[in-house]
2 protein chains.
Amino acid sequence: MALIVQKYGGSSVADAESIKRVAKRISEARKAGHDVVVVVSAMGDTTDELIDLARQITPIPPSREMDILLTAGERISMSLLAMAINNLGVKAKSFTGQQAGVITDAVHGKARIVDVVPGRIRETVDKGSVAIVAGFQGVTESTNDVTTLGRGGSDTTAVALAAGLGADVCEIYTDVDGIFTADPRIVSSARKIDRITYEEMLEMAASGAKILALRCVEYARRYDVPVHVRSSFSGVPGTLVTNASNVTTVPGVDAGTSEGEAVMEAPIISGVAHDRSEAKITVVGVPDVPGTAAHIFEVVAGAGANIDMIVQNISGASTGRTDISFTLPESDGPVATTALNAVREAIGFESIQLDDQIGKLSLVGAGMKSHPGVSAKLFGALRDAGINIEMITTSEIRISVVTREDSLDAAVRAVHTAFDLDTEAEAVVYGGTGR
Amino acid sequence: MALIVQKYGGSSVADAESIKRVAKRISEARKAGHDVVVVVSAMGDTTDELIDLARQITPIPPSREMDILLTAGERISMSLLAMAINNLGVKAKSFTGQQAGVITDAVHGKARIVDVVPGRIRETVDKGSVAIVAGFQGVTESTNDVTTLGRGGSDTTAVALAAGLGADVCEIYTDVDGIFTADPRIVSSARKIDRITYEEMLEMAASGAKILALRCVEYARRYDVPVHVRSSFSGVPGTLVTNASNVTTVPGVDAGTSEGEAVMEAPIISGVAHDRSEAKITVVGVPDVPGTAAHIFEVVAGAGANIDMIVQNISGASTGRTDISFTLPESDGPVATTALNAVREAIGFESIQLDDQIGKLSLVGAGMKSHPGVSAKLFGALRDAGINIEMITTSEIRISVVTREDSLDAAVRAVHTAFDLDTEAEAVVYGGTGR
């Protein structure tokens, strides 16, 4: 039978009842003959409560101590889950990130996995036990210090373990049925995607789709780990994220779906992602001389801000000046403007505008660039809906546009309909997400 | 300056405010120039809450998983305490039992320390930082599994670390001012003991005094670690537990107290301990032939019950039968009676009586056996108070008597007064104890 890695987020193990329910699902997979490794997040709001405790102690907790504090959360959920599985007559043992061999760098709070040495996990499943592993955490090789992986950490732990163990599939359990063609809270007719490639999923994640963290998809793509995103509340297959060239068969998903066959006929539109978390900075009146743009973006990068889209207007011939706009996470806005204002005279621009009322819509799909009709249809749909486009960027498999934030929902719905993504079936949203 | 190990129980770190208060005390010791290692228990009721969570999942949690669950408690308190100390401008780092090198056997739930390898702790204090260590927990050497030490575990961690580091003193912070001549909740005129030997403290602990766990005192005695029991609420010296032959000087305690000088003039009565947690089993009508007592106690030991006092009546000459009584922890009563009833015919006794309404009073002090006047005075005091004695045992430095449970408080007060232990000063009791 297969080796399956399952990951359950905080909302799936929020209380004793939820833990028992998840334990039942895990023991069924084991009883069906599969080898099962489970990655689990901290229960419900545990992490937030621990952060709150730390804030009561000090405004700036040392990051090493913060990591020790936060990893207590998974310690609780993993041991309770192992107890619940044992209680159903299936052997189970829990392991910390360290015991599971998750080696990271020493950047506390957002460590990156540098190696996975899952000898004890392999040994445990070989003996017929379920291995429960704490998500979100690892250990530094040199100092044996506990680290946490930051946002999306548990998903990444699961994919990294699946890669290290050569698992047949990494199942990410969540509170929705899979990846949808748009956020079902905005587009009620959104359709569940049965299969999607790593590349498309990367673009979806980078464009604001929140189900899978970007780094987790990157990891899965690098090590070619099939990821099955599915609901912990239902038994139906979810979304399979795999390599396009390989119509992978994984446990729990039928082979040869219609999407699998249709790969030959590009363009395949995967879905419409959206993002409200960005802001736009416009540097006004920049001298149009070589090296100025480089100087601006060096300053912004030096302030630790991540730039997303960039647009430079055509230079006004009479003035010798231009405007440069770029988007970045809203939270990076203040540091970036402060850093830029400090070099205003050196660069010689006139002023800076910070606009946090923007929204970004991204259409993601294979073979988009070779089909000019796609962008024409996208812009047409937005025009017909009366929505103004402020910025545009494109990649091989994505077109993103920036609109006013209050037009974003209407834009997502218009584009979703224009590309025939609507379905009759009602999408189910259960609310809440794990870490 | 000195190397000091300080241990704080759960009630000393019950919330953010308490943690900040303890952090202040620790940083003052560090600022006074001492090297400081701190052992900390889980916050307040954390352990009970975790046990309750486990019970919601399963009635019989696997002990390995239970240990992983419970150790989350110290992880939270130790990291918060390290944060609070750093916030006061003193460097501090926290370490799990494993990171601190606390190696135990593999008996989950009540592991025993087999070795302490505190290399990282030594290194940390050598660099001028305070090292915070999780109490109550260790790790097995062979399997790298997390263990807990059971009752009194954090005190034992502290003494074991003090021994491993060659510390000048191990300070056990609690919610009372030290060890008293009797429980101040029963004897309001009880007096704080300034100095007491390991042997006397062992007898006090074994006789029901709850401030220090027996195993912790045993460990301190074996490695000759001076233990200073004191209040985390006041700055006054508490009780120093040391070797009698050596008038030890430790930081925070004046040398040469009156007790130190008075060691020459035995008997020195240390105090009156009491214990309500025992029950008495009487085996009635036992054939008075060799080997019968051995058979009975083999059966009781085989059932896992710990026997304390034993009394055998003089054989009735006419019947050839006798009665054997013994005391044991109340909780062991049912298994012991069940095991004995199963061999009633083989041994040939008539019946078994289980009595859980007993109390035990113990008078502890050096040189008691060589002063026959001590037991005479003890029995006289109880007679004058109208209290009946049911059983008596003596050791080199202790006399214990069993009374009716409802006479115990009066017995303790009568004996305390008879031996001139009463003081004018009001004892302070703050309530609650850590683990």
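Labels below follow one simple rule: chain letters A, B, ... track the order of the sequence lines, proteins then strands, and each chain is numbered from 1. Values below: every heavy atom of this structure, side chains too, minus hydrogens, waters and symmetry copies.
For A:D145, the parts lying under 4.5 angstrom from a heavy atom of chain B are both the backbone and the side chain. With a threshold of 4.5 angstrom between heavy atoms, B:Q98 approaches chain A through side-chain atoms but not through N, CA, C or O. If you measure heavy-atom distances from B:A23 to chain A, you find no contacts under 4.5 Å at all. The contact between A:L69 and chain B is made by backbone and side chain atoms together, counting heavy-atom distances below 4.5 Å.
Rounded to the nearest 0.5 Å, atoms OG1 (A:T143) and CD (B:Q99) are 8.5 Å apart. Atoms CD and CD, from A:E17 and B:Q56 in turn, are 8.0 Å apart once rounded to the nearest 0.5 Å. Distance check, rounded to the nearest 0.5 Å: OG of B:S79 to CG of A:L50 gives 8.0 Å. Atom NZ of B:K20 and atom CD1 of A:I57 lie 6.0 Å apart (nearest 0.5 Å).
For the pair B:E65/A:K93, a side-chain contact is recorded, criterion being any heavy-atom separation below 4.5 Å from C-beta on. Residues A:R120 and B:N144 form a side-chain contact, since some pair of their non-hydrogen atoms from C-beta on lies under 4.5 Å apart.
The heavy-atom pair separating B:R75 from A:I68 by the smallest distance is NE-O, 3.6 Å.
Heavy-atom pairs under 4.5 Å with chain A were tallied for B:P61, B:A72, B:S94, B:A92; the largest tally goes to B:S94.
By the side chain to side chain donor-acceptor pair (under 3.5 Å) test, B:K31 pairs with no residue at all, sequence neighbours left out. Partners of B:T104 according to the side chain to side chain donor-acceptor pair (under 3.5 Å) rule, which considers only residues two or more places apart in sequence or in another chain, are B:T147.
Residues of residues 121-129 of chain B lying under 4.5 angstrom from chain A, judged on non-hydrogen atoms, do not exist here. Inspection of non-hydrogen atoms places A:L80, A:A82, A:M83, A:A84, A:N86, A:N87 of residues 80-89 of chain A under 4.5 Å from chain B.
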